[in-house]
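Worksheet for the structure shown next.
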Amino acid sequence: MLFQTTIAGSLPKPEWLAEPNTLWAPWKLKGAELVNAKRDATLLAVKIQEDAGIDLVTEGEQARQHFVHGFLERVEGIDFAHKVEMGIRKDRYKAMVPQVVAPLQLKGRVHADEARAARAHTTRKLKFTLPGPMTIIDTLADSYYGDRVKMAFAFADLLNAEAKALQADGVDMIQFDEPAFNVFMDEVNDWGIEALTRAAQGLTCQTAVHICYGYGIKANTDWKESLGAEWRQYEQIFPAIDKSPIQQVAIECRNSHVPLELLGLLKGKVVQAGVIDVASDTVETPEDVVKTIEAVMKFVPKDNIVATTNCGMAPMRRDIAEAKLRALGAGAKLAREKLG
């Protein structure tokens with residue numbers, strides 16, 4: 001089917017689970033009540049996507065306070081009790097982050113509960129997102145390894161173990177989120193692609209990498225205003241990504257300053273084209289979605305286009321996010337009728 005739909009990964013959490021419209025939102029429940037609420041929110045996220053016409057659904061990242069720290073919570077060697085303030089994404093914004101204080105190893109499964117709950121309650125293909133190695137090491141403080149690359153590859157091995165377990169749970173696609181890829185371009189080429197490949201090693205399900213300019217939060221929107229009329233960072237890394245074994249690349253396209261001609265550098269990949277802007281509360285129309293897909297088709301064969309959101313929707317208002325999902329589903333359907 002042409003123009004299948006998916007989302008970058010996250011959806012807003014219900015107000016009974018976490019503080020709404022907030023990134024890093026604190027949980028409102030504890031203990032067994034929190035466990036049950038996370039499961040309920042996971043099933044709700046799947047249902048919302050199904051109703052909107054999303055073909056490749058996610059669990060909405062409902063069980064994670066943050067897309068990186070949700071993974072880190074199940075890793076030994078990380079001290080969450082003594083967080084330190086650190087600049088993230090080359091000091092784009094500050095955050096209180098945990099510290100690596102000992103050798104890294106998994107405490108057990110990380111995302112089994114939400115992956116299995118989602119798999120049991122949908123017949124649609126299921127995508128699961130994990131933070132990529134470079135983005136992880138840019139989102140915590142190193143007080144043990146003293147070597148960014150060594151620490152990144154240690155995380156790549158942990159990610160690989162969880163990814164293989166998720167595949168065994170019935171997940172159809174593993175997507176690694178690497179927003180750090182558009183900040184540390186030299187390192188992407190030096191070791192970032194290699195670390196990402198290590199994280200995906202041995203997977204037989206579909207694989208993807210999501211690269212973006214971040215959530216629609218003020219720190220990101222302010223930073224993007226400083227980047228000029230054209231954002232050409234991807235020009236430096238797309239050739240290396242194209243040579244990697246990762247099968248799909250998710251990239252923002254709607255209201256983006258990334259020249260769409262750069263997508264032509266991803267000759268061997270399926271492109272998850274962001275047709276929904278998560279940095280704006282304006283809800284796209286189905287016709288808007290069609291126009292973005294048409295623009296992408298100038299550089300990517302239509303058989304290689306998946307329609308998605310520019311980034312995660314975690315900090316958005318629920319009503320707006322759900323309206324944007326419906327526009328995504330309806331727009332892709334209209335695109336099949338007009339462009340198929």
Side-chain angles (χ1 to χ4, degrees), residues 9 64 66-80 83-84 86-90 95 97-111 128-168 171 173-212 233-234 236-250 269:
R64 302 178 235 181
H66 183 265
F67 81 104
V68 175
H69 289 195
F71 183 83
L72 299 184
E73 288 171 357
R74 297 293 298 164
V75 177
E76 291 184 2
I78 298 178
D79 181 2
F80 276 87
K83 291 182 179 180
V84 297
M86 188 180 85
I88 290 177
R89 315 294 182 260
K90 277 193 175 178
V97 300
Q99 303 181 66
V100 175
V101 295
L104 298 165
Q105 59 182 346
L106 292 179
K107 298 177 182 178
R109 284 300 310 280
V110 181
H111 297 300
F128 208 94
T129 61
L130 294 171
M134 181 177 284
T135 295
I136 288 179
I137 69 163
D138 190 49
T139 319
L140 47 65
D142 177 18
S143 299
Y144 176 77
Y145 283 91
D147 184 319
R148 282 170 55 83
V149 179
K150 185 177 181 180
M151 187 167 71
F153 277 85
F155 274 114
D157 289 337
L158 303 189
L159 289 164
N160 185 247
E162 178 64 14
K164 287 177 176 176
L166 288 166
Q167 177 178 270
V171 169
M173 177 185 287
I174 302 293
Q175 175 181 294
F176 296 96
D177 294 336
E178 282 285 23
F181 268 24
N182 74 356
V183 183
F184 305 103
M185 279 76 71
D186 290 341
E187 292 180 78
V188 171
N189 290 312
D190 290 344
W191 59 264
I193 299 294
E194 186 181 354
L196 176 64
T197 300
R198 174 86 69 89
Q201 188 172 6
L203 293 176
T204 56
C205 66
Q206 290 185 306
T207 57
V209 60
H210 170 65
I211 311 167
C212 69
Q233 285 85 351
Y234 296 145
Q236 301 176 52
I237 62 173
F238 274 1
I241 292 175
D242 193 53
K243 293 177 183 177
S244 80
I246 302 297
Q247 297 163 335
Q248 300 194 12
V249 180
K269 305 301 179 189

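As the structure is a computational prediction, the values presented were derived from the model and not from experiment.
- Counting heavy-atom neighbours within 6.0 Å of Lys83 NZ, excluding the residue itself, gives a total above 12.
- Heavy atoms only, all atoms of each residue included: Lys269 and Asp242 are closest at CE-O, 3.3 Å.
- In this structure the side chain of Ile137 never reaches within 4.5 angstrom of the side chain of Tyr145, judged on heavy atoms.
- Ion pairing between Asp157 and Arg198 holds under the 4.0 Å rule for side-chain N and carboxylate O.
- Residue His210 comes nearest to Cys212 through the heavy atom pair NE2-SG, 3.4 Å, listed as atom of the first residue, atom of the second, then distance.
- Summarising the geometry, atom CD1 belonging to Ile193 is positioned 8.0 Å from atom CD1 belonging to Ile246; distances are rounded to the nearest 0.5 Å.
- Side-chain contact between Phe80 and Leu140 is absent, with no heavy atoms from C-beta onward closer than 4.5 Å.
- In plain terms, the two heavy atoms of Val84 and Gln99 that are nearest each other are CG1-NE2, 3.5 Å.
- Between atom CZ of residue Phe71 and atom CD1 of residue Ile78 there is a gap of 8.5 Å, rounded to the nearest 0.5 Å.
- Judged by distance alone, with hydrogens and angles left aside, the side-chain atoms of Gln233 form no donor-acceptor pair with the main-chain N or O of Asn182 at under 3.5 Å.
- Closest approach of Phe176 to Gly132, counting heavy atoms only: CB-CA, 4.4 Å.
- Lys107 NZ: more than 12 foreign heavy atoms inside a 6.0 Å radius.
- Taking CZ of Arg64 as the reference point, atom CG of Leu130 lies at 6.5 Å (rounded to 0.5 Å).
- We find the CD1-NE2 distance between Ile136 and His69 to be 9.5 Å, quoted to the nearest 0.5 Å.
- Side chains of Thr135 and Glu178: a donor-acceptor N/O pair is present below 3.5 angstrom, by distance only.
- Nearest heavy-atom pair, Ala199 versus Pro133, reported as atom, atom and distance to 0.1 Å: CB-CG, 4.3 Å.
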Task: Cys205 vs Val171, side-chain contact (heavy atoms from CB on, under 4.5 Å): CA-CA, chis, key distance, verdict - done: CA-CA 8 Å; Cys205 66; Val171 169; 5.5 Å; no

TODO: Might you work through the side-chain contact (heavy atoms from CB on, under 4.5 Å) test for Val249 and Tyr234, ending with a clear yes or no?
DONE: CA-CA 12 Å; Val249 180; Tyr234 296 145; over 6 Å; no

Open item on the list: side-chain contact (heavy atoms from CB on, under 4.5 Å) for Glu187 and Asp138? Distances and angles first, verdict last.
Closed with: CA-CA 12 Å; Glu187 292 180 78; Asp138 190 49; over 6 Å; no

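- Within the 3.5 Å criterion, the main-chain N or O of Thr129 finds no donor-acceptor partner in the side chain of Gln175.
- Here the shortest heavy-atom pairing between Phe153 and Trp191 reads CZ-O, 4.0 Å.
- Note that CZ of Arg74 and NE2 of His111 are 10.0 Å apart. Values are rounded to the nearest 0.5 Å.
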- [ ] Determine, step by step, whether Leu104 and Met151 satisfy the side-chain contact (heavy atoms from CB on, under 4.5 Å) criterion, reporting the C-alpha distance in whole Å, the side-chain angles of both residues, the deciding distance to 0.1 Å, and the verdict.
- [x] CA-CA 9 Å; Leu104 298 165; Met151 187 167 71; 4.2 Å; yes

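- Rounding to the nearest 0.5 Å gives a distance of 9.5 Å between CG of Asp142 and CZ of Arg148.
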